[in-house]
A.B. asks: 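Encoded as C-alpha cells, here's the structure I'll be asking about.
All values below were derived from every heavy atom in this structure, side-chain atoms included, with hydrogens, water molecules and symmetry-related copies excluded.
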2 protein chains.
Amino acid sequence: MVPKATSADPALDLERFLPYRLSILSNTISQAIAGVYGERFNLNVTQWRVIAVLGRYPNLSAVDVAERTKMDKVAISRAVNDLIAGGRLDRSVDKSDRRRSVLCLSNHGWDVYREIAPLALACEARLKSSLTASECDALERILDKLTTAGVALLLTGEDLGMQIRCPGAR
Amino acid sequence: MVPKATSADPALDLERFLPYRLSILSNTISQAIAGVYGERFNLNVTQWRVIAVLGRYPNLSAVDVAERTKMDKVAISRAVNDLIAGGRLDRSVDKSDRRRSVLCLSNHGWDVYREIAPLALACEARLKSSLTASECDALERILDKLTTAGVALLLTGEDLGMQIRCPGAR
DNA sequence: GCCATATCGTTTCAATTGAAACTATACTGT
DNA sequence: ACAGTATAGTTTCAATTGAAACGATATGGC
C-alpha cells in the first residue's frame, strides 16, 4: 500500500530534486524558444547557437565556436556545413594557419541574426518578467555559483560516495 | 570590422543569455551526477529516474512513470525492460485493467535505490552548499516562477514576435 | 451485444548523436 | 630537414532517440 519513503533517507522526491528541476526548466525553455525560431527559420538549436555566437563574435574558427558554445565539435562541423549550404555563413581559410577556417555570417545570415536576436531577448525578458528585480539579481549570482559548484562536482564528484557516505562500506 | 552588436538590440551575448546558461548548468550537473552513479551501477539517466520515482511512489504504471518523470513513454518502456532484465524491477499486470502494468522495485532494485538516493542527495547538498541560505530559498521560488513562465512561453510564446500556430503539433 | 474511439505499452524506422578514426596542416626539438 | 607530436575539421559507424504505426485491452454510446 504505497509506502512513503521506505528507508531512512530524507526522501528523494524527484519533483523537488534540484538537478531534475533544472533539467525540466531548461528543456521547457529550450523547446519554447526553439518553437519561436525553429519553424520560421528552419534552424536547429546548434545552428542557432552558431549564428548567435558569430553574430556577437565574428571571424571565429569552428573550434572557437565549439568552445564558446560548449558544444561538440562534430555537431558544430555539421551545423556549419548546413549553414554554409543554406547561404547563411561564409567560410574562408586562415592565411596563417591553413587548418583553421574563419567563419562569419553572410548577409543572409546577418538578416537571420537581426531577426531572431530580438525574439530571443524577448523570450528572456518575458521569463525574467515573472521575477522581481531582486530575484533577477539573485538568479545571476545563483547561476554563477551553481555552475562553478557543478563543474567542481563534475571533476571531483566521483569520490562523493566514499567521502560522504558509509565510512565502513566499500 | 568586428561590429559589436550591429543592430539596435541590447546585445545577445550567449554566455549571459538565461536559457543558454540554464542549459549549460543543467547539462553540467546531470553529467556530474551521472558520473557518480553511472559507472558504479551501470544505469543511464532514464533508468535512474525510473528507479527514483518508483522508490518514492511504488506500483505505478509505465505511463504514470512517464508523466511523473516528464520523459517519453518509449524511453520509459525501454528503460523498464532493461531494468527488469537486470532484475531491478518487477512487473505485474493490473487486475482491473490488463493493458496496464504495475511496476515496483525488486529487492535488488531497492538495494540500488537505497544506495544511490543518498548519493544523489549528497550531490544536491553540495551544490546548495555553495549558496547562502537566503539564496537557497530564493532559488526555490525562482525555479517555480521560471518553470511556470517557461510553460506559458511554450504554449503562447509563438506570438512573441508575430503569430505562429500550433500548440502541441510536431 | 456491437461498434467506434481511447489508452497502454511495444515495435519499427528514420533521423540524430558522439567516439574514434582519419586527413591535412602546424609546431617542436634535434 | 626530419621525426614525432599536436591541432583543425571531417567522416565513419554504432548507439540513441522519438514519431508513427501497431496489437491488445478498455470504455462509452446505442
A.B. asks: Considering only NZ, NE, NH1 and NH2 on the basic side and carboxylate oxygens on the acidic side, decide whether B:R68 and A:E15 come within less than 4.0 Å.
C.D. replies: yes
A.B. asks: When rounded to the nearest 0.5 angstrom, what is the spacing between CD in B:E115 and OH in B:Y37?
C.D. replies: 14.5 Å
A.B. asks: Look at atom CG of B:N42 and say whether more than 12 heavy atoms of other residues, nucleotides or ligands are closer to it than 6.0 Å.
C.D. replies: no
A.B. asks: Salt bridge check, B:D111 against B:R88: does any charged N sit closer than 4.0 Å to a carboxylate O?
C.D. replies: no
A.B. asks: Please work out which residues in residues 20-30 of chain A have a non-hydrogen atom less than 4.0 Å from an atom of DNA chain C and list them by number.
C.D. replies: none
A.B. asks: Looking only at heavy atoms, which two atoms of B:L105 and B:G55 are closest? And how far apart?
C.D. replies: CD1-CA, 3.6 Å
A.B. asks: Counting just side-chain N and O atoms, does A:S61 come under 4.0 Å of either OP1 or OP2 of D:dA8?
C.D. replies: no
A.B. asks: Output the rounded distance in Å from CD (A:Q47) to P (C:dA15).
C.D. replies: 16 Å
A.B. asks: What is the distance, to the nearest angstrom, from the CG atom on A:L60 to the P atom on D:dG9?
C.D. replies: 10 Å
A.B. asks: Please name the pair of heavy atoms, one in A:L12 and one in B:A52, separated by the smallest distance, quoted to 0.1 Å.
C.D. replies: CD2-CB, 4.3 Å
A.B. asks: Would A:D144 and B:R21 satisfy salt bridge (Lys or Arg N to Asp or Glu O under 4.0 Å), going step by step from the backbone distance to the final call?
C.D. replies: CA-CA 9 Å; A:D144 283 337; B:R21 294 177 73 194; 2.6 Å; yes
A.B. asks: What closest approach, in Å, do B:Q47 and B:A79 show between heavy atoms, and which atom pair accounts for it?
C.D. replies: CG-CB, 3.8 Å
A.B. asks: Just to be sure I understand the geometry, which residues of residues 65-100 of chain A put a non-hydrogen atom under 4.0 Å away from DNA chain C?
C.D. replies: A:D72, A:V74, A:R78, A:D97, A:R98, A:R99
